[in-house]
Asks: 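Below: one structure in C-alpha coordinates.
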Amino acid sequence: MALSRGLPLLFLLSGCLLGWDPPNERGDSGDTDVEADTDTDTDADTDADTDTDTDTDTCVPGDLGCECTSDETCTDGAHYCVSMMCTDVDPVEVLASDVQTPGALAVDTTKVYFSREVSGFNEIVHVPHSGGTPATVFSGPTGLWPIDAQGDFVYYVDTQSSVGRYKADASQSSFYTISTIEEPAGIDVAGQYVYFHDSKSPGRIVQTPLDMASEREVIDTYGRSAMYARVDWLYFSDLDDSSAQPNQTIERMETTQGAVTTLRTNLEDVRLLASDDDQVFSVTEYNSRSTRALTAHDISTAADVVLRVTSKHILAVEVDATHVYWMEGDQFFTTGSGEIYRTLKSGDGPTVLLVEDDLIPVRLRLQGDYLYWTSLQPGDYVGTVNRRRK
(Lines give C-alpha, C1' and ligand atoms only; values in the text may rest on other atoms or scores of the structure.)
Protein backbone atom coordinates (compact mmCIF):
# COMPACT_ATOMS: atom_id res chain seq x y z
CA MET A 1 0.00 0.00 0.00
CA ALA A 2 1.29 3.41 -0.70
CA LEU A 3 1.47 4.37 2.91
CA SER A 4 0.95 7.93 3.91
CA ARG A 5 3.46 7.01 5.84
CA GLY A 6 4.54 6.65 3.99
CA LEU A 7 5.57 6.48 7.14
CA PRO A 8 9.01 9.51 7.33
CA LEU A 9 13.12 11.34 6.73
CA LEU A 10 16.81 12.72 6.24
CA PHE A 11 20.66 13.83 4.63
CA LEU A 12 24.31 15.83 3.08
CA LEU A 13 27.87 16.64 1.23
CA SER A 14 30.79 16.33 -1.22
CA GLY A 15 34.51 17.09 -1.65
CA CYS A 16 37.73 15.10 -1.58
CA LEU A 17 40.31 15.56 1.22
CA LEU A 18 43.50 13.56 1.31
CA GLY A 19 46.50 13.30 3.61
CA TRP A 20 49.80 14.13 1.85
CA ASP A 21 53.28 13.19 3.00
CA PRO A 22 56.03 15.58 1.86
CA PRO A 23 59.10 14.00 0.17
CA ASN A 24 61.93 13.07 2.52
CA GLU A 25 64.54 15.81 2.90
CA ARG A 26 67.96 14.83 1.63
CA GLY A 27 70.93 15.47 3.99
CA ASP A 28 74.44 14.79 2.57
CA SER A 29 76.76 14.02 5.47
CA GLY A 30 80.17 14.82 3.93
CA ASP A 31 82.37 15.43 0.94
CA THR A 32 83.33 11.79 0.52
CA ASP A 33 81.55 10.02 -2.38
CA VAL A 34 79.62 13.13 -3.16
CA GLU A 35 78.85 12.08 -6.71
CA ALA A 36 77.71 8.61 -5.69
CA ASP A 37 75.59 10.00 -2.90
CA THR A 38 74.13 12.61 -5.19
CA ASP A 39 73.16 10.09 -7.83
CA THR A 40 71.67 7.68 -5.34
CA ASP A 41 69.79 10.32 -3.40
CA THR A 42 68.45 11.92 -6.55
CA ASP A 43 67.11 8.62 -7.78
CA ALA A 44 65.54 7.92 -4.41
CA ASP A 45 63.99 11.35 -4.27
CA THR A 46 62.64 10.97 -7.77
CA ASP A 47 61.01 7.69 -6.80
CA ALA A 48 59.58 9.24 -3.66
CA ASP A 49 58.23 12.20 -5.61
CA THR A 50 56.64 9.89 -8.14
CA ASP A 51 54.99 7.81 -5.43
CA THR A 52 53.75 10.89 -3.62
CA ASP A 53 52.19 12.32 -6.76
CA THR A 54 50.43 9.02 -7.42
CA ASP A 55 49.04 8.90 -3.90
CA THR A 56 47.89 12.51 -4.08
CA ASP A 57 45.84 11.78 -7.17
CA THR A 58 44.14 8.78 -5.54
CA CYS A 59 41.13 9.19 -3.24
CA VAL A 60 40.98 6.02 -1.17
CA PRO A 61 37.41 4.74 -0.83
CA GLY A 62 36.31 5.00 2.77
CA ASP A 63 38.61 7.89 3.68
CA LEU A 64 37.11 11.17 4.82
CA GLY A 65 35.98 13.06 1.74
CA CYS A 66 36.23 10.00 -0.49
CA GLU A 67 33.79 7.57 -2.02
CA CYS A 68 31.63 5.25 0.09
CA THR A 69 28.51 3.11 -0.17
CA SER A 70 27.39 3.05 3.48
CA ASP A 71 28.42 4.29 6.93
CA GLU A 72 30.17 0.97 7.48
CA THR A 73 32.46 1.57 4.48
CA CYS A 74 33.81 4.79 5.99
CA THR A 75 36.99 3.76 7.84
CA ASP A 76 36.41 5.91 10.90
CA GLY A 77 33.33 4.98 12.91
CA ALA A 78 32.61 8.67 13.45
CA HIS A 79 32.16 9.24 9.72
CA TYR A 80 28.97 9.03 7.70
CA CYS A 81 28.28 8.11 4.10
CA VAL A 82 26.15 10.84 2.51
CA SER A 83 25.60 11.22 -1.22
CA MET A 84 28.19 8.43 -1.58
CA MET A 85 30.88 10.55 0.11
CA CYS A 86 32.42 10.09 3.59
CA THR A 87 31.75 13.07 5.85
CA ASP A 88 32.22 13.76 9.55
CA VAL A 89 28.94 15.73 9.71
CA ASP A 90 26.02 13.73 11.14
CA PRO A 91 23.46 13.81 8.31
CA VAL A 92 20.42 13.16 10.50
CA GLU A 93 18.37 16.24 11.36
CA VAL A 94 15.64 15.91 14.00
CA LEU A 95 12.74 18.06 12.86
CA ALA A 96 10.47 17.33 15.84
CA SER A 97 11.12 15.39 19.06
CA ASP A 98 9.04 13.91 21.89
CA VAL A 99 6.18 13.28 19.47
CA GLN A 100 3.49 11.04 20.92
CA THR A 101 2.55 8.34 18.40
CA PRO A 102 3.77 9.87 15.14
CA GLY A 103 1.59 7.51 13.12
CA ALA A 104 1.39 9.23 9.73
CA LEU A 105 3.74 11.25 7.53
CA ALA A 106 3.45 13.29 4.32
CA VAL A 107 5.76 15.80 2.65
CA ASP A 108 5.02 18.43 0.02
CA THR A 109 7.35 20.99 -1.56
CA THR A 110 7.59 23.16 1.58
CA LYS A 111 6.16 21.32 4.59
CA VAL A 112 6.40 18.08 6.54
CA TYR A 113 3.05 16.87 7.90
CA PHE A 114 2.67 14.27 10.63
CA SER A 115 0.06 13.06 13.08
CA ARG A 116 0.46 12.98 16.86
CA GLU A 117 -1.59 12.44 20.01
CA VAL A 118 -2.14 15.32 22.43
CA SER A 119 -4.29 14.89 25.56
CA GLY A 120 -6.31 12.10 24.04
CA PHE A 121 -6.89 13.91 20.76
CA ASN A 122 -5.26 13.24 17.41
CA GLU A 123 -3.70 16.12 15.52
CA ILE A 124 -2.25 16.70 12.09
CA VAL A 125 0.54 19.24 12.34
CA HIS A 126 3.27 20.53 10.04
CA VAL A 127 6.78 21.95 10.26
CA PRO A 128 9.05 23.43 7.57
CA HIS A 129 11.42 21.04 5.82
CA SER A 130 14.20 22.15 8.15
CA GLY A 131 12.08 21.70 11.30
CA GLY A 132 10.58 24.13 13.79
CA THR A 133 7.58 24.54 16.06
CA PRO A 134 4.70 22.34 14.86
CA ALA A 135 1.64 24.23 13.59
CA THR A 136 -1.69 22.45 14.06
CA VAL A 137 -3.78 21.90 10.94
CA PHE A 138 -6.54 19.76 12.41
CA SER A 139 -7.45 18.22 15.76
CA GLY A 140 -10.08 15.59 16.47
CA PRO A 141 -10.92 12.65 18.69
CA THR A 142 -10.48 9.99 16.02
CA GLY A 143 -7.45 8.15 14.70
CA LEU A 144 -5.79 9.94 11.80
CA TRP A 145 -3.44 7.42 10.26
CA PRO A 146 -3.03 7.50 6.49
CA ILE A 147 -2.34 11.02 5.19
CA ASP A 148 -1.01 12.54 1.99
CA ALA A 149 -0.26 16.10 0.91
CA GLN A 150 -0.42 18.13 -2.28
CA GLY A 151 -0.88 21.76 -3.20
CA ASP A 152 -0.83 23.13 0.37
CA PHE A 153 -3.55 20.69 1.43
CA VAL A 154 -3.21 17.62 3.62
CA TYR A 155 -5.59 14.73 2.93
CA TYR A 156 -6.50 12.18 5.57
CA VAL A 157 -8.55 9.13 6.44
CA ASP A 158 -9.89 8.70 9.96
CA THR A 159 -11.29 5.74 11.84
CA GLN A 160 -14.81 7.15 11.69
CA SER A 161 -15.14 6.06 8.06
CA SER A 162 -14.54 9.41 6.43
CA VAL A 163 -11.90 11.14 4.35
CA GLY A 164 -11.19 14.83 4.26
CA ARG A 165 -8.68 17.57 3.54
CA TYR A 166 -7.42 20.65 5.34
CA LYS A 167 -5.40 23.58 4.10
CA ALA A 168 -2.07 23.90 5.83
CA ASP A 169 -3.00 27.20 7.48
CA ALA A 170 -6.33 25.65 8.64
CA SER A 171 -8.27 28.35 6.76
CA GLN A 172 -10.13 25.93 4.51
CA SER A 173 -11.41 22.41 4.88
CA SER A 174 -13.44 19.86 2.97
CA PHE A 175 -15.09 16.76 4.37
CA TYR A 176 -16.39 13.86 2.43
CA THR A 177 -18.11 11.10 4.37
CA ILE A 178 -19.12 7.92 2.61
CA SER A 179 -21.77 6.05 4.54
CA THR A 180 -20.86 2.66 3.11
CA ILE A 181 -17.16 2.75 3.92
CA GLU A 182 -16.34 0.56 6.90
CA GLU A 183 -12.57 0.17 7.24
CA PRO A 184 -10.63 3.00 5.56
CA ALA A 185 -7.08 1.76 5.16
CA GLY A 186 -5.06 3.84 2.73
CA ILE A 187 -5.01 7.13 0.85
CA ASP A 188 -2.97 8.41 -2.09
CA VAL A 189 -3.06 11.73 -3.93
CA ALA A 190 -1.91 11.66 -7.56
CA GLY A 191 -2.54 14.31 -10.19
CA GLN A 192 -6.09 15.63 -9.92
CA TYR A 193 -7.47 12.76 -7.85
CA VAL A 194 -7.52 11.30 -4.37
CA TYR A 195 -7.70 7.52 -4.00
CA PHE A 196 -8.61 5.69 -0.84
CA HIS A 197 -9.11 2.07 0.02
CA ASP A 198 -11.91 0.48 1.99
CA SER A 199 -10.41 -2.73 3.35
CA LYS A 200 -13.65 -4.25 4.64
CA SER A 201 -14.16 -7.42 2.63
CA PRO A 202 -15.10 -7.25 -0.16
CA GLY A 203 -12.82 -4.23 -0.49
CA ARG A 204 -12.87 -1.42 -2.99
CA ILE A 205 -10.84 1.56 -4.17
CA VAL A 206 -12.64 4.88 -4.51
CA GLN A 207 -11.54 7.97 -6.46
CA THR A 208 -12.53 11.56 -5.66
CA PRO A 209 -11.46 14.86 -7.23
CA LEU A 210 -9.11 17.03 -5.17
CA ASP A 211 -12.03 19.04 -3.78
CA MET A 212 -13.60 15.73 -2.62
CA ALA A 213 -17.01 16.82 -3.87
CA SER A 214 -17.97 13.46 -5.34
CA GLU A 215 -16.88 9.84 -5.47
CA ARG A 216 -16.40 7.16 -8.06
CA GLU A 217 -15.72 3.53 -7.28
CA VAL A 218 -12.69 2.55 -9.31
CA ILE A 219 -12.37 -1.15 -8.66
CA ASP A 220 -13.53 -3.89 -6.34
CA THR A 221 -10.69 -5.66 -4.55
CA TYR A 222 -10.34 -8.17 -1.77
CA GLY A 223 -10.20 -6.94 1.83
CA ARG A 224 -6.75 -5.66 2.77
CA SER A 225 -5.39 -4.92 -0.67
CA ALA A 226 -2.23 -2.88 -1.24
CA MET A 227 -2.56 0.31 -3.32
CA TYR A 228 -0.26 2.81 -5.02
CA ALA A 229 -1.46 5.68 -7.23
CA ARG A 230 0.41 7.50 -9.98
CA VAL A 231 -0.93 10.25 -12.24
CA ASP A 232 -1.80 7.88 -15.08
CA TRP A 233 -1.87 4.48 -13.39
CA LEU A 234 -3.32 2.87 -10.30
CA TYR A 235 -1.54 -0.20 -8.90
CA PHE A 236 -3.23 -2.58 -6.50
CA SER A 237 -3.23 -6.17 -5.29
CA ASP A 238 -6.17 -8.51 -5.76
CA LEU A 239 -7.18 -12.17 -5.71
CA ASP A 240 -7.37 -14.42 -8.74
CA ASP A 241 -10.27 -16.79 -9.32
CA SER A 242 -8.57 -19.70 -7.61
CA SER A 243 -9.36 -20.71 -4.06
CA ALA A 244 -5.95 -22.35 -3.66
CA GLN A 245 -3.04 -20.46 -2.12
CA PRO A 246 -1.06 -18.53 -3.22
CA ASN A 247 -3.67 -16.63 -5.18
CA GLN A 248 -2.86 -12.93 -4.88
CA THR A 249 -2.04 -10.80 -7.90
CA ILE A 250 -0.65 -7.35 -8.68
CA GLU A 251 -2.70 -5.33 -11.16
CA ARG A 252 -2.56 -1.92 -12.76
CA MET A 253 -5.28 0.18 -14.34
CA GLU A 254 -5.39 3.49 -16.14
CA THR A 255 -6.69 6.16 -13.79
CA THR A 256 -9.35 7.04 -16.35
CA GLN A 257 -10.79 3.59 -15.55
CA GLY A 258 -9.25 1.73 -18.44
CA ALA A 259 -8.72 -1.99 -18.69
CA VAL A 260 -7.00 -3.82 -15.85
CA THR A 261 -3.68 -5.54 -16.60
CA THR A 262 -2.32 -8.33 -14.42
CA LEU A 263 1.40 -7.85 -13.74
CA ARG A 264 2.23 -10.64 -11.27
CA THR A 265 0.40 -13.77 -10.10
CA ASN A 266 0.68 -16.60 -7.56
CA LEU A 267 1.70 -14.37 -4.67
CA GLU A 268 1.04 -15.28 -1.05
CA ASP A 269 0.52 -11.92 0.64
CA VAL A 270 1.15 -8.53 -1.00
CA ARG A 271 1.84 -5.93 1.69
CA LEU A 272 3.23 -2.82 -0.05
CA LEU A 273 3.48 -1.40 -3.56
CA ALA A 274 5.43 1.40 -5.26
CA SER A 275 6.07 2.19 -8.91
CA ASP A 276 7.76 4.51 -11.40
CA ASP A 277 5.54 3.28 -14.28
CA ASP A 278 8.45 1.30 -15.78
CA GLN A 279 8.72 -1.04 -12.82
CA VAL A 280 6.44 -1.99 -9.96
CA PHE A 281 8.06 -2.71 -6.60
CA SER A 282 6.24 -5.00 -4.22
CA VAL A 283 6.72 -6.36 -0.72
CA THR A 284 5.31 -9.85 -0.36
CA GLU A 285 5.24 -12.27 2.56
CA TYR A 286 5.55 -16.03 2.30
CA ASN A 287 6.53 -19.07 4.36
CA SER A 288 3.46 -18.47 6.55
CA ARG A 289 4.37 -14.77 6.70
CA SER A 290 7.77 -15.43 8.25
CA THR A 291 9.78 -14.10 5.28
CA ARG A 292 9.47 -10.89 3.28
CA ALA A 293 10.74 -10.17 -0.21
CA LEU A 294 11.12 -6.84 -2.00
CA THR A 295 10.90 -7.46 -5.75
CA ALA A 296 11.25 -5.22 -8.81
CA HIS A 297 9.01 -6.22 -11.73
CA ASP A 298 9.79 -4.81 -15.17
CA ILE A 299 6.42 -3.97 -16.71
CA SER A 300 7.55 -4.22 -20.35
CA THR A 301 9.55 -7.47 -20.07
CA ALA A 302 7.76 -9.07 -17.09
CA ALA A 303 11.19 -9.86 -15.59
CA ASP A 304 11.46 -9.99 -11.79
CA VAL A 305 14.53 -9.02 -9.74
CA VAL A 306 14.54 -9.81 -6.02
CA LEU A 307 16.09 -6.82 -4.25
CA ARG A 308 15.82 -7.99 -0.65
CA VAL A 309 14.79 -11.03 1.40
CA THR A 310 14.47 -10.60 5.17
CA SER A 311 12.74 -11.99 8.21
CA LYS A 312 12.08 -8.44 9.46
CA HIS A 313 8.98 -6.52 8.50
CA ILE A 314 9.41 -4.11 5.60
CA LEU A 315 7.44 -1.12 6.78
CA ALA A 316 7.63 1.32 3.85
CA VAL A 317 8.93 1.52 0.28
CA GLU A 318 9.72 4.64 -1.77
CA VAL A 319 11.37 5.15 -5.19
CA ASP A 320 13.12 8.01 -6.95
CA ALA A 321 14.70 8.24 -10.41
CA THR A 322 17.50 5.76 -9.67
CA HIS A 323 16.99 4.01 -6.32
CA VAL A 324 14.55 2.11 -4.13
CA TYR A 325 14.41 2.94 -0.40
CA TRP A 326 12.77 0.91 2.34
CA MET A 327 12.53 0.52 6.12
CA GLU A 328 12.80 -2.63 8.20
CA GLY A 329 11.76 -3.24 11.80
CA ASP A 330 9.08 -4.60 14.10
CA GLN A 331 5.65 -3.81 12.66
CA PHE A 332 4.20 -3.71 16.18
CA PHE A 333 6.87 -1.20 17.26
CA THR A 334 7.50 -2.97 20.55
CA THR A 335 11.02 -4.44 20.35
CA GLY A 336 14.30 -4.27 18.50
CA SER A 337 15.93 -1.74 16.22
CA GLY A 338 15.27 -0.65 12.66
CA GLU A 339 17.11 0.19 9.48
CA ILE A 340 16.68 2.24 6.33
CA TYR A 341 18.11 0.72 3.16
CA ARG A 342 18.73 1.78 -0.43
CA THR A 343 19.55 -0.08 -3.63
CA LEU A 344 19.65 0.67 -7.33
CA LYS A 345 16.45 -0.25 -9.12
CA SER A 346 18.42 -2.83 -11.06
CA GLY A 347 19.52 -4.43 -7.78
CA ASP A 348 23.13 -4.00 -6.65
CA GLY A 349 22.72 -5.35 -3.13
CA PRO A 350 21.18 -3.30 -0.33
CA THR A 351 23.11 -0.44 1.23
CA VAL A 352 22.38 0.50 4.84
CA LEU A 353 21.66 4.22 5.02
CA LEU A 354 20.73 4.31 8.69
CA VAL A 355 20.64 2.00 11.71
CA GLU A 356 18.50 3.13 14.65
CA ASP A 357 19.50 1.11 17.70
CA ASP A 358 17.04 2.68 20.13
CA LEU A 359 14.27 3.67 17.73
CA ILE A 360 12.16 1.85 15.16
CA PRO A 361 11.52 3.67 11.86
CA VAL A 362 7.80 3.86 11.14
CA ARG A 363 6.99 5.93 8.05
CA LEU A 364 9.12 7.04 5.10
CA ARG A 365 8.83 9.77 2.46
CA LEU A 366 11.09 11.22 -0.26
CA GLN A 367 11.16 14.85 -1.31
CA GLY A 368 13.92 16.34 -3.42
CA ASP A 369 17.36 15.37 -2.13
CA TYR A 370 16.06 14.21 1.26
CA LEU A 371 14.60 11.23 3.04
CA TYR A 372 12.04 12.03 5.74
CA TRP A 373 10.93 9.51 8.34
CA THR A 374 9.31 9.05 11.72
CA SER A 375 10.68 6.82 14.49
CA LEU A 376 9.31 5.37 17.72
CA GLN A 377 10.94 4.24 20.92
CA PRO A 378 9.99 0.56 21.30
CA GLY A 379 7.10 0.14 23.69
CA ASP A 380 6.26 3.73 24.64
CA TYR A 381 5.17 5.16 21.26
CA VAL A 382 7.11 8.40 21.69
CA GLY A 383 9.24 9.31 18.72
CA THR A 384 10.82 11.82 16.38
CA VAL A 385 10.40 13.24 12.90
CA ASN A 386 13.69 13.30 10.98
CA ARG A 387 15.40 13.86 7.68
CA ARG A 388 18.77 13.30 6.01
CA ARG A 389 20.22 13.61 2.55
CA LYS A 390 19.91 10.58 0.38
Side-chain angles (χ1 to χ4, degrees), residues 3-9 92-108 110-150 152-178 181-187 189 194 196 199 212 315-316 327 329-335 338 356 358-365 372-387:
L3 294 172
S4 299
R5 267 142 289 155
L7 267 226
L9 335 139
V92 176
E93 303 173 56
V94 178
L95 308 183
S97 58
D98 296 324
V99 180
Q100 183 70 43
T101 317
L105 181 71
V107 185
D108 64 15
T110 61
K111 299 177 182 65
V112 181
Y113 300 85
F114 56 96
S115 63
R116 66 181 183 181
E117 290 186 7
V118 177
S119 301
F121 283 77
N122 287 269
E123 293 184 339
I124 296 175
V125 300
H126 66 76
V127 296
H129 280 181
S130 58
T133 302
T136 301
V137 179
F138 171 71
S139 179
T142 59
L144 305 168
W145 282 94
I147 64 173
D148 206 351
Q150 179 175 292
D152 211 30
F153 280 88
V154 59
Y155 298 80
Y156 68 90
V157 171
D158 70 23
T159 57
Q160 297 301 306
S161 303
S162 67
V163 296
R165 73 171 186 170
Y166 267 89
K167 200 166 186 178
D169 62 5
S171 64
Q172 182 180 349
S173 63
S174 300
F175 298 94
Y176 190 70
T177 302
I178 301 173
I181 190 171
E182 296 187 59
E183 294 183 6
I187 188 168
V189 181
V194 183
F196 64 92
S199 64
M212 311 191 85
L315 305 172
M327 312 171 77
D330 173 24
Q331 71 170 349
F332 303 108
F333 314 120
T334 56
T335 60
E356 296 206 302
D358 301 320
L359 297 170
I360 298 174
V362 181
R363 300 288 184 259
L364 178 68
R365 289 289 198 181
Y372 296 81
W373 77 99
T374 55
S375 297
L376 286 177
Q377 296 177 9
D380 67 3
Y381 301 105
V382 175
T384 59
V385 181
N386 321 278
R387 78 168 184 172

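This is a predicted model, so every value here is computed, not measured.
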Asks: State plainly whether the residues D148 and R365 are in salt-bridge range, i.e. N to O under 4.0 Å.
Replies: yes
Asks: Calculate, to the nearest 0.5 Å, the distance between atoms NE2 and CG belonging to H129 and D108 respectively.
Replies: 5.5 Å
Asks: State which residue, out of V137, V125, V189, fulfils the side chain to side chain contact (heavy atoms under 4.5 Å, CB included) condition with V154.
Replies: V137
Asks: Could you check whether any side-chain heavy atom of V112 comes within less than 4.5 Å of a side-chain heavy atom of V385, counting everything from C-beta outward?
Replies: yes
Asks: For S115 versus A104, what's the shortest heavy-atom pair and its separation?
Replies: OG-N, 3.0 Å
Asks: Under the rule for side-chain contact (heavy atoms from CB on, under 4.5 Å), what residues qualify as partners of E356, not counting sequence neighbours?
Replies: L354, L359, P361, W373, S375
Asks: How long is the gap from NZ on K111 to CG on D152, to the nearest 0.5 Å?
Replies: 4.5 Å
Asks: For a side-chain contact (heavy atoms from CB on, under 4.5 Å) check, start with the C-alpha distance between Q100 and V118, then their side-chain angles and the critical distance, and finish with the verdict.
Replies: CA-CA 7 Å; Q100 183 70 43; V118 177; over 6 Å; no
Asks: Specify the closest pair of heavy atoms between Y155 and M212, including all atoms of both residues, with the distance to one decimal.
Replies: CD2-SD, 3.9 Å
Asks: Measure the CZ-OH distance between F196 and Y156 for me, rounded to the nearest 0.5 Å.
Replies: 12.0 Å
Asks: Mind listing the closest non-hydrogen atom pair of P102 and Y381 along with its distance?
Replies: CD-O, 4.1 Å
Asks: If we ignore hydrogens and angles and just use 3.5 Å, is the side chain of T101 paired with the main-chain N or O of E117 as donor and acceptor?
Replies: no
Asks: Got a second to check how far I124's CD1 is from R165's CZ, nearest 0.5 Å?
Replies: 13.5 Å
Asks: Could you pull out the closest heavy-atom pair between F153 and Y113, with the gap in Å?
Replies: N-OH, 4.5 Å
Asks: Which pair of heavy atoms, one from E123 and one from S139, lies closest together, and at what distance?
Replies: CG-OG, 3.7 Å
Asks: Between V99 and T374, is the side-chain contact (heavy atoms from CB on, under 4.5 Å) condition met? List the steps.
Replies: CA-CA 9 Å; V99 180; T374 55; over 6 Å; no
